[in-house]
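Report on one structure; see the data block that follows.
In this chain, numbering begins with 1 at the start of the sequence shown. The model shown is predicted, which means the values in this text are computed figures rather than measured ones.
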Amino acid sequence: MFRSTATLNHSKTLRALLACALAACLGVAALGATGCAGQGAQGSSSASAAADAEGTLAATLTVNAGDEVLAEAVEVAGLAAGATALDALEAGPLPVTSEESQYGPYVTAVGDVAADATHGWTYTVNGEEPTVSAGEYELADGDEVVWNYVSFAA
């Protein structure tokens with residue numbers, strides 16, 4: 001049976017989210033595109049890989065919880081060269097809670113919205129879902145980081 005690339009990517013992401021949900025129930029983090037994985041740093045796909053002359057960079061941060069926008073296109077400036085997607089979230093306007101796992105940091109809450117057995121936080125950078133932990137994905141100057149609270153249910 002033929003499946004489109006979008007369907008395959010959705011299936012892959014759904015499997016990763018379900019694995020993370022199961023792992024959350026078991027008290028461990030799972031590998032996947034959920035911001036709870038991490039197997040080495042991944043550079044940004046952005047064309048601009050260099051930080052500015054002062055060694056800092058800026059990113060744009062958006063945080064969505066379902067239909068509610070918690071932070072929209074907030075510029076997070078002054079991030080150190082080598083800053084990660086998690087660093088951008090933590091430098092934003094909302095309180096962030098995360099815990100360490102064997103795969104890297106796992107975001108457990110942003111603002112008043114906490115992960116549970118069927119929901120959690122995922123992230124994209126420049127519209128792409130990285131395959132590493134948000135604590136390992138190094139940003140480039142000008143990257144757009146979007147965090148979404150999603151349901152693991154099909």
- prompt: So, for Ser98 and Glu90, which heavy atoms are closest and what is the spacing to 0.1 Å?
  reply: OG-OE2, 4.0 Å

- prompt: Without hydrogens or angle criteria, can the side chains of Thr62 and Asn64 be said to hold a donor-acceptor pair below 3.5 Å?
  reply: no

- prompt: What distance separates Thr60 OG1 from Asp143 CG, expressed to the nearest 0.5 Å?
  reply: 9.0 Å

- request: Please report the C-alpha distance between Trp147 and Leu61 in whole Å, then the side-chain angles of each, then the deciding distance to 0.1 Å, and finally whether the side chain to side chain contact (heavy atoms under 4.5 Å, CB included) criterion is met.
  value: CA-CA 8 Å; Trp147 282 86; Leu61 174 68; 3.7 Å; yes

query: So if you build clusters from Ile, Leu, Val, Met, Phe, Trp, Tyr with side-chain heavy-atom gaps below 4.5 Å, do Val96 and Val146 land together?
result: no

message: Minimum heavy-atom separation for Pro130 and Tyr123, please, with both atom names.
response: CB-OH, 3.2 Å

field: side chain to side chain contact (heavy atoms under 4.5 Å, CB included) assessment of Leu70 paired with Val113
entry: CA-CA 10 Å; Leu70 303 179; Val113 184; 4.1 Å; yes

query: For residues 79-88, which residue pairs qualify under side chain to side chain donor-acceptor pair (under 3.5 Å), counting only residues two or more places apart or in two chains?
result: Thr84-Asp87

task: Kindly give the heavy-atom pair with the smallest separation between Ala115 and Gly120, and that separation in Å.
output: CB-CA, 3.9 Å

Euclidean distance, Leu139 CG relative to Glu144 CD, rounded to 0.5 Å: 11.5 Å

field: Between OH on residue Tyr137 and CD on residue Glu129, distance to nearest 0.5 Å
entry: 12.0 Å

message: Assess the residue pair Val63 and Leu94 against the criterion (side chain to side chain contact (heavy atoms under 4.5 Å, CB included)); give the C-alpha distance rounded to whole Å, side-chain angles, the decisive distance to 0.1 Å, and a yes or no.
response: CA-CA 9 Å; Val63 181; Leu94 300 165; 4.1 Å; yes

message: Over 60° means perpendicular and under 30° means parallel, so tell me whether Trp121 and Tyr149 are parallel, tilted or perpendicular.
response: tilted

Atom pairs and distances, side-chain donor-acceptor, residues 71-79, under 3.5 Å, sequence neighbours left out:
none

- prompt: Partners of Ala109 by side-chain contact (heavy atoms from CB on, under 4.5 Å), sequence neighbours excluded?
  reply: Thr97, Ala114

field: Minimum heavy-atom distance Gly82-Glu138, with the two atoms named
entry: O-CG, 3.8 Å

